[in-house]
Amino acid sequence: MINLINELWYLKRDIVSDDFDRALARLAEEVPMSILEYPSGKRCWTWIIPEKWTCHAAYLETLDGQHLIDYADHPLHVVSYSLPFEGIVDRDELLQHLHVHPRLPQAIPFVFKYYDRDWGLCASQELRDSLKNDRYRVTIHTSFEPGKLKIGEIVIPGQSEEAVMLVNHLCHPAMVNDDLTGVVVGLEVARTLLERSSRGKKPYYTYRFLILPETIGSVVYLSQHEDLIHKMVAGLFLEMLGNDSPHALQGSFQPDSQIDRCLMSALQGLDPHGYTAPYRTVIANDERQFNAPGVRVPMLSLSRVEPAGSPTRPYREYHSSLDTPAVVTQERLETSRQLVLDLIDAWENNQYIVNRFKGEVFCSGYGIWIDYRINPDGHRRLFEIMERCDGAHTVADIATELSISFQSVWEVVALLKSKELVWLSRTPHPTDPHL
Ligand SMILES: [Zn+2]
């Protein structure tokens, strides 16, 4: 994962651009991937696909020709999708078009104006503060031309056509944690699922991994696959998975959905340092498009984000030139990759638990009784879980009701199943005779 990051991070991966295409083509060498293409100008629901944008050169100089800012030194020096501009401007006008990072005085900020267009440059606060001349010369050579928005799609067919959407974006030029880490973790998860399939372990759900430009990419994909939306039962967005912050799992717009209940309770059992939070309270990304009206796919988001209240939330180097490979480690990427796989395993196991028994189970007769004098918590938990095995509760429902981890419920369910006391169903199968 680190090798791919080192190879791709510095590319100027603006939403529709040659470098975005290069990065996507390189990723497609790693796993079987279809590259979907949609032309500039195409209407997609209420949106229009923008033109391909290229910056050929851009700099700020003093009137005697001293370069102060140069795109050749760092791609973030120009606002993504900046209009071209050439001329001498006074200091006040320049400062209206010269963006700085709100927190990091030495960093160049990431600024984009894809639709509300203007010309603009970006610099460190330190450089901005040093500008004392009355007038400066600005040169921005950018071009807008018809292009193709590209989306990478990896499909891992399941036993069912019901689909789980795993989404990450690739459109942040010369940055790493946001957003390349989500892409490489997603890619490795896809690779593992493909390997399992090739060994005959086909998942129940079909998994669709999308690598796209943020927001517009999701709108384009969904609007061009309307027939698939009703099959999308769940989703997870991935990004910011290499920095040194705890895992944050943000819920979907539908907090009572099965995927919310499952992943939230599963995280509890998988990562003692991780935390969960409601929709739109951690970070906003492509999950917004999937959760939106007319789509309503419950999509959660997994990232590493400093806890609420931290002054450097989401993380210190966010949207700046300091978001380099130095922010991430292979070890943290590996931990996140394993966590995503474990979350997927929990989701695959989340089924309705249907009782074959009536009344309370004769536990000692089945050898599953837990002595309350030795293990009072285990004893109580066994009974609390068993009395909810009624064909109307899933594993995740029980975990949520009891505020315990998915895994602790699953352990008991697996035991009951091994004794043939319950069976598992993908659909509700209530056994209450009054229903
Ligand atoms: Zn971002």
Side-chain angles (χ1 to χ4, degrees), residues 5 8-17 19-20 23-24 27 50 53 74-82 99-104 107-116 120 122 149 151-152 166-186 210-221 235-245 247-250 277 279-291 299-306 308 310 312-328 332-333 336:
I5 284 175
L8 301 179
W9 80 278
Y10 204 68
L11 289 174
K12 307 169 190 88
R13 295 172 270 114
D14 302 279
I15 51 176
V16 182
S17 65
D19 271 7
F20 183 98
L24 194 57
L27 294 166
W53 180 79
H74 201 288
L76 290 184
H77 273 312
V78 175
V79 168
S80 182
Y81 276 70
S82 169
H99 305 271
V100 297
H101 198 277
R103 285 187 284 103
L104 303 168
I108 311 161
F110 171 41
V111 180
F112 46 88
K113 290 184 182 282
Y114 304 134
Y115 307 104
D116 179 20
C122 302
L149 180 148
I151 297 173
L166 286 118
V167 180
N168 23 79
H169 58 65
L170 180 65
C171 58
H172 283 31
M175 282 168 281
V176 174
N177 194 42
D178 178 17
D179 50 8
L180 208 42
T181 57
V183 174
V184 297
V185 168
L210 304 180
I211 301 172
L212 37 71
E214 186 173 3
T215 305
I216 185 70
S218 290
V219 172
V220 170
Y221 183 88
L236 181 63
F237 178 84
L238 303 173
E239 88 169 7
M240 300 181 192
L241 292 170
N243 56 312
D244 188 17
S245 299
H247 281 120
L249 182 63
Q250 174 181 270
Y279 185 54
R280 280 188 188 268
T281 63
V282 179
I283 199 83
N285 278 297
D286 292 274
E287 75 286 343
R288 294 174 359 252
Q289 308 312 322
F290 287 81
N291 282 297
M299 181 176 282
L300 295 88
S301 165
L302 182 71
S303 49
R304 291 174 180 264
V305 168
E306 291 177 20
S310 161
T312 52
R313 207 179 201 213
Y315 62 100
R316 198 180 80 90
E317 301 84 358
Y318 175 72
H319 279 193
S320 85
S321 56
L322 297 184
D323 190 344
T324 68
V327 171
V328 311
R332 293 196 284 261
L333 295 171
S336 296

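We count ligands from 1, going down the list as the structure has it; atoms in each ligand are counted the same way. Heads up: numbering here begins at 1 and tracks the sequence. Predicted, not measured: the structure shown is a model, and the values here were computed from it.
Protein N/O/S atoms nearer than 2.8 Å to the Zn ion (ligand 1) total 3.
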Stepwise side chain to side chain donor-acceptor pair (under 3.5 Å) test for S245 and N243
CA-CA 6 Å; S245 299; N243 56 312; 3.2 Å; yes

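Side-chain contact of Y318 with N177: a donor-acceptor pair under 3.5 Å is absent, judged by distance alone.
Listed by chain and number, the residues in a side-chain contact (heavy atoms from CB on, under 4.5 Å) with V111 are V79, H99, P109, C122 (sequence neighbours excluded). Among residues two or more places apart in sequence or in another chain, the salt bridge (charged side-chain N to carboxylate O under 4.0 Å, His left out) test is passed with D179 by R13. Partners of H169 by ring pair (Phe, Tyr, Trp, His ring centres under 6.0 Å), not counting sequence neighbours, listed by chain and number: H172, F237.
Test L322, V184, T181, V327 against V176 for side chain to side chain contact (heavy atoms under 4.5 Å, CB included) and you get one pass: T181.
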